[in-house]
Protein chains: 2
Amino acid sequence: MSTTAATAEIAQYCLQTAEAARAASYELASLDAEVKNTWLRHAAAALIAASDAIIAENKKDLAAAADYGLSDAAIDRLRLDPDRIASIASGLEEIAALPDPVGEVIEGHTRPGGLQILKRRVPLGVVFFIYESRPNVTADAAGICVKSGNAVILRGGKEAIHSSQAIVNVLSQSAEQCGVPKNAVQLVSTTDRQAVGEFLALGELIDVTIPRGGEGLIRRVAAEATMPVIKHFDGNCHVYVDQHADIAMAVEIIENAKCQRMGVCNACESLLVHEAIAAEALPKIAQRLSERGIEIRADQRAIRWIENAIPATDEDWSTEYLGPTISVAIVDSPQAAAEHINRYGSHHTDAIVTNDLRTAERFTSLVDSAAVMVNASTRFNDGSVFGLGAEIGISTDKFHARGPCGLRELTTYKYIVRGDGHVRT
Amino acid sequence: MSTTAATAEIAQYCLQTAEAARAASYELASLDAEVKNTWLRHAAAALIAASDAIIAENKKDLAAAADYGLSDAAIDRLRLDPDRIASIASGLEEIAALPDPVGEVIEGHTRPGGLQILKRRVPLGVVFFIYESRPNVTADAAGICVKSGNAVILRGGKEAIHSSQAIVNVLSQSAEQCGVPKNAVQLVSTTDRQAVGEFLALGELIDVTIPRGGEGLIRRVAAEATMPVIKHFDGNCHVYVDQHADIAMAVEIIENAKCQRMGVCNACESLLVHEAIAAEALPKIAQRLSERGIEIRADQRAIRWIENAIPATDEDWSTEYLGPTISVAIVDSPQAAAEHINRYGSHHTDAIVTNDLRTAERFTSLVDSAAVMVNASTRFNDGSVFGLGAEIGISTDKFHARGPCGLRELTTYKYIVRGDGHVRT
């Protein structure tokens with residue numbers, strides 16, 4: 001086959017996949033919650049029953065992992081065993097147990113003249129989800145999208161293509177048996193990069209794209225997409241230690257925010273300390289961080305209070321280390337802290353430690369981030385920790401969905417207006 | 001000045017304007033509702049007091065209108081007189097009377113362990129609003145944006161630049177006197193087309209762009225924008241007359257939806273009739289439409305029931321006439337009607353006329369539009385008719401804002417999390 005023919009074939013395949021998803025989305029929108037929940041539970045059991053077959057396919061991916069140059073950690077995340085498949089299945093059962101967001105009446109009222117206005121929650125429609133090579137994400141994303149009434153086109157990493165295909169096969173067979181449209185969940189079968197571009201051009205058929213991966217991927221998707229994108233960037237999260245902070249509490253929160261898990265988006269990357277408390281607080285904080293092997297990069301005012309600190313450069317304030325490094329600066333007020341955070345941060349998660357009520361109110365009001373924590377670790381910004389259930393990502397956008405992005409964030413609404421022959425005069 | 005220097009100067013001007021708006025937005029976010037309302041009422045009075053000066057500036061625009069090739073209707077919309085200025089002022093007073101959406105607690109709960117989660121409504125930040133040459137829109141948009149806590153950059157049509165500048169001068173002077181940041185409302189002072197492209201590139205400083213104008217403008221903005229866009233396309237709205245319709249009611253609703261105001265986005269453009277009722281209903285509907293001078297373009301099945309109908313082509317189903325023409329097709333079921341609407345419509349406003357409850361439920365569920373009307377005219381899709389107050393447009397998007405786009409649709413939310421030294425384990 002010539003290259004041109006192959007290109008045309010991929011374009012055709014993507015169009016057909018998106019059209020099938022669109023058709024399925026209209027069926028899904030009015031599907032009873034119990035049908036969707038039955039499917040989720042059925043699929044969970046079917047995944048466990050198919051463990052051997054899934055693991056056999058997973059072995060193909062593992063065999064190819066070295067060719068893709070995957071790290072040991074990545075290979076470990078790729079590996080499936082009966083326990084991990086059981087965990088994927090229980091994820092689907094958890095989604096089944098969540099309330100169905102579709103059909104919720106968000107608000108409603110009757111107008112003078114008798115026109116009844118209802119604002120009802122409905123699915124977005126078709127979700128294009130791009131993710132990396134963790135096969136568990138395949139089932140999670142499918143479950144979240146379908147439970148919220150959306151058809152999903154899954155574009156997984158090529159490194160997990162056999163595992164993901166095996167999982168999707170089980171989900172699709174379950175769907176057919178449970179009355180869920182077969183094309184509610186589709187995995188992109190080609191690993192050709194062209195396919196991503198083709199789907200991103202289909203803004204008339206796809207309602208939202210959600211890329212989960214490195215910054216480069218997200219920027220490419222946002223630039224090319226003809227439909228809205230829910231972006232999920234890493235976080236440059238701050239802890240601000242106020243003049244009125246409980247220093248012992250600050251030490252615990254900073255240690256937790258920085259060290260509990262370093263490679264995640266809600267880990268702390270930068271520390272701001274009020275000048276009035278710096279002399280007392282900074283040595284204690286620095287000592288604890290040093291004990292945990294954290295390198296400290298401090299500004300000119302902070303460095304005198306910290307043993308072995310390295311002078312920070314301007315670049316440090318914008319850097320998300322995702323590792324054992326933290327930047328530290330001294331500020332003169334909660335307002336200055338908020339300004340620093342709004343300027344250099346990524347609007348993800350930022351915390352204040354203070355016992356002063358007015359300062360806490362002011363800080364939460366001024367900081368322009370998806371989550372602002374008062375006397376709590378930044379690590380708490382997470383859908384399940386918030387009690388919102390399974391999430392498909394944490395949005396760093398302000399538009400439509402901000403913060404944890406779960407079932408409800410994959411919906412929109414429509415107005416339903418009931419009259420009795422009403423006309424406008 | 002060389003062209004390059006002029007280009008650089010415009011780029012610099014746009015960047016400074018956006019940075020000033022961003023700075024103002026942080027102040028606005030925590031501004032007391034009463035300050036904003038005081039400004040709106042003060043500005044209303046100041047506009048009336050400045051009527052003579054505004055009308056003098058308006059005369060400059062009117063004098064240039066012929067050079068811009070404006071139609072008589074457009075020139076009429078451009079014209080300001082004391083009554084129209086009073087009407088602009090009362091628009092601001094109406095916005096003052098609306099509840100402030102900022103600070104609303106959307107939901108909240110306490111997690112096991114005591115962490116308190118609050119989801120609080122906050123402004124989007126900076127709005128870039130692009131609109132045509134109606135000077136009243138200048139004040140409206142400024143009022144809606146600032147009341148919802150956003151700074152706004154107004155890019156009005158060049159045909160109204162003197163009028164808009166005079167209005168914005170009054171609004172800005174009022175702002176300074178009332179404690180609202182001076183740069184909360186800025187009018188783009190250059191009419192150079194380059195400026196639009198410059199602002200659309202400033203996605204880091206501007207949170208949303210709202211273009212109001214022709215389809216070409218909206219498509220250009222959506223393609224170029226590096227930030228989210230709330231799109232406001234025209235509507236290809238349908239009325240479906242069901243088998244169980246009250247025919248007399250259908251005639252009234254169709255006449256109203258088609259004829260009450262033809263050039264607007266919620267006017268009816270296409271009529272679908274159930275085959276079982278076509279023989280009885282279509283002649284009556286056609287007669288009424290003919291009396292109103294409407295040209296009917298009918299499909300092969302419908303045409304036999306309609307005197308003087310013209311055969312419809314495929315193109316008609318997608319056409320928004322915005323004038324005295326309507327397309328008519330016969331369908332075999334409510335489901336077929338919904339499929340036609342989802343395929344050819346613009347997801348704006350669509351209506352069913354029926355007395356059958358189950359059919360009404362099914363139709364409202366299947367039709368994928370911002371508003372679905374039951375036994376009511378499509379013309380009701382409007383923020384003030386819905387009781388939502390002033391609107392900056394009617395969104396044809398599903399994402400973030402759908403349908404009437406008022407104060408609340410110009411907000412987002414943040415999570416505020418309160419602990420007492422909570423760390424994640």
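Order of the sequence lines sets the chain letters (A, B, ...), proteins ahead of strands, with each chain counted from 1.
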S.K.: Is it the side chain or the backbone of Glu361(A) that comes within 4.5 Å of chain B heavy atoms, both, or neither?
M.R.: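 The side chain, not the backbone.
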S.K.: Which answer fits Glu107(A), side chain, backbone, both or neither, if we ask what part of it has an atom under 4.5 Å from a heavy atom of chain B?
M.R.: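 Answer is side chain: those atoms of Glu107(A) sit under 4.5 Å from chain B.
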S.K.: Is Arg120(A) in contact with chain B via its backbone, its side chain, both, or neither, using a 4.5 Å heavy-atom distance?
M.R.: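 The answer is the side chain of Arg120(A).
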S.K.: Name the member of Arg418(A), Met249(A), Lys398(A) that forms the most heavy-atom pairs with chain B at distances under 4.5 Å.
M.R.: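 Max contact count across the listed options: Lys398(A).
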S.K.: Below 4.5 Å, heavy-atom pairs only: which of Ile416(A), Thr364(A), Val353(A), Asn256(A) has the largest tally toward chain B?
M.R.: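 Most heavy-atom pairs within the cutoff with chain B belong to Asn256(A).
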S.K.: Given a strict heavy-atom distance threshold of 4.5 Å, which part of Asp350(A) is in contact with chain B: side chain, backbone, both, or neither?
M.R.: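 Nothing of Asp350(A), per the 4.5 Å heavy-atom cut-off to chain B.
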S.K.: Output the distance between atom NZ (Lys119(A)) and atom CG (Leu388(B)), rounded to the nearest 0.5 Å.
M.R.: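 Lys119(A) atom NZ to Leu388(B) atom CG measures 7.5 Å (nearest 0.5 Å).
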S.K.: When heavy-atom pairs shorter than 4.5 Å are enumerated against chain A, which of Asp382(B), Asp246(B), Thr412(B) gives the highest number?
M.R.: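 Answer, by heavy-atom pair count under 4.5 Å with chain A: Thr412(B).
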S.K.: Under 4.5 Å heavy-atom distance to chain B, tell me which part of Ile352(A) shows up: side chain, backbone, both or neither.
M.R.: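 Looking at Ile352(A), nothing touches chain B.
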S.K.: Rounded to the nearest 0.5 Å, how far apart are CG of Leu124(A) and NE2 of His400(A)?
M.R.: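 The CG atom of Leu124(A) sits 4.5 Å away from the NE2 atom of His400(A).
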S.K.: Give, as side chain, backbone, both or neither, the part of Thr226(A) having an atom under 4.5 angstrom from any heavy atom of chain B.
M.R.: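 Neither the backbone nor the side chain of Thr226(A) comes within 4.5 Å of chain B.
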S.K.: With chain A as the partner, which of Ser25(B), Ser30(B), Gly103(B), Ala222(B) has the greatest number of non-hydrogen pairs under 4.5 Å?
M.R.: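 Most pairs with chain A among the choices: Ser30(B).
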S.K.: Can you tell which of Thr411(B), Val367(B), Thr349(B) has the highest number of heavy-atom pairs within less than 4.5 Å of chain A?
M.R.: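 Answer, by heavy-atom pair count under 4.5 Å with chain A: Val367(B).
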S.K.: Under 4.5 Å, counting heavy-atom pairs only, tell me which of Leu118(A), Leu115(A), Leu366(A), Val229(A) racks up the most with chain B.
M.R.: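 If we count pairs closer than 4.5 Å to chain B, Leu115(A) comes out on top.
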S.K.: For chain A, which of Val374(B), Thr425(B), Val423(B) has the most heavy-atom pairs under 4.5 Å?
M.R.: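 Ranked by contacts with chain A, first place is Val423(B).
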S.K.: For a 4.5 angstrom cut-off between non-hydrogen side-chain atoms, does His348(B) reach Asn266(B)?
M.R.: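 With C-beta onward as the side chain, the pair touches.
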S.K.: Check each atom of Ser369(A) against the heavy atoms of chain B and say whether the ones under 4.5 Å are side chain, backbone, both or neither.
M.R.: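 Backbone of Ser369(A) only, per the 4.5 Å heavy-atom cut-off to chain B.
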S.K.: Might you point out which heavy atoms bring Ala257(A) and Thr378(A) nearest each other, and give the distance in Å?
M.R.: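 Between these two residues, the closest heavy atoms are CB-OG1, 3.3 Å.
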S.K.: Taking every non-hydrogen pair under 4.5 Å, which of Gly387(A), Ala351(A), Ser377(A) racks up the most with chain B?
M.R.: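 Option with the greatest count: Gly387(A).
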S.K.: At a 4.5 Å cut-off on heavy atoms, which part of Asp397(A) comes close to chain B: side chain, backbone, both, or neither?
M.R.: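 For Asp397(A), there is no contact with chain B at all, as no heavy atom is under 4.5 Å.
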S.K.: Considering all heavy atoms of both residues, which atom of Cys265(A) and which atom of Phe233(A) are nearest to each other, and what is their separation?
M.R.: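 Shortest heavy-atom separation between Cys265(A) and Phe233(A) comes out as CB-O, 4.3 Å.
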S.K.: When heavy-atom pairs shorter than 4.5 Å are enumerated against chain B, which of Gly113(A), Ala370(A), Ala248(A), Gly125(A) gives the highest number?
M.R.: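 Highest number of pairs under 4.5 Å: Ala370(A).
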S.K.: Report the option among Ile230(A), Val385(A), Asn355(A), Asn381(A) that has the most heavy-atom pairs separated by less than 4.5 Å from atoms of chain B.
M.R.: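 Most pairs with chain B among the choices: Val385(A).
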S.K.: Checking Arg402(A) against chain B: side chain, backbone, both or neither under 4.5 Å from a heavy atom?
M.R.: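 Interface part for Arg402(A): both.
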S.K.: Would you call Glu409(B) and Ser395(B) a side-chain contact if the rule is heavy atoms closer than 4.5 Å?
M.R.: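 Heavy-atom side-chain distance check fails, nothing below 4.5 Å.
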S.K.: Of all heavy-atom pairs between Ala371(A) and Phe386(A), which one has the smallest distance, and what is that distance?
M.R.: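 For Ala371(A) versus Phe386(A), the nearest heavy atoms are CB-CZ, 4.4 Å.
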S.K.: Look at the aromatic rings of Tyr415(A) and Tyr413(A) and report parallel, tilted or perpendicular, splitting at 30° and 60°.
M.R.: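 It falls in the perpendicular class, over 60°.
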S.K.: Is Arg22(B) in contact with chain A via its backbone, its side chain, both, or neither, using a 4.5 Å heavy-atom distance?
M.R.: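 Contact with chain A is through the side chain of Arg22(B) alone.
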S.K.: Measuring heavy-atom distances to chain B, does Leu28(A) have an atom under 4.5 Å in its side chain, in its backbone, in both, or in neither?
M.R.: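 The answer is neither part of Leu28(A).
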S.K.: Counting only non-hydrogen atoms closer than 4.5 Å, does Arg379(B) touch chain A with its backbone (N, CA, C, O), its side chain (CB onward), both, or neither?
M.R.: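 Contact with chain A involves both backbone and side-chain atoms of Arg379(B).
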S.K.: Which atoms of Val208(A) are under 4.5 Å from chain B, going by heavy atoms: the side chain, the backbone, both sets, or neither?
M.R.: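 Just the side chain, heavy atoms under 4.5 Å.
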S.K.: Grab the two heavy atoms, one from Cys268(A) and one from His238(A), that are nearest each other, plus how far apart they are.
M.R.: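 The answer is SG-C, 4.4 Å.
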S.K.: Does Asp207(A) reach the main-chain N or O of Pro123(A) with its side chain, forming a donor-acceptor pair under 3.5 Å?
M.R.: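 Between the backbone of Pro123(A) and the side chain of Asp207(A) there is no qualifying donor-acceptor contact (under 3.5 Å).
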S.K.: Which heavy atom of Phe363(B) sits nearest a heavy atom of Pro334(B), and at what distance?
M.R.: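 Scanning both residues, the minimum pair turns out to be CD1-O, 4.3 Å.
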S.K.: For Leu200(B), does its backbone N or O pair with a side-chain atom of Glu224(B) as donor and acceptor, under 3.5 Å?
M.R.: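 A pair under 3.5 Å: no.
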S.K.: Heavy atoms only: give me the nearest Val102(B)-Ala29(B) pair and the separation to one decimal.
M.R.: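 Of all heavy-atom pairs spanning Val102(B) and Ala29(B), the closest is CG1-O, 3.9 Å.
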S.K.: Answer yes or no: is there an ion pair linking Asp368(B) with Arg343(B), defined by an N-O contact shorter than 4.0 Å?
M.R.: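 Salt bridge: no.
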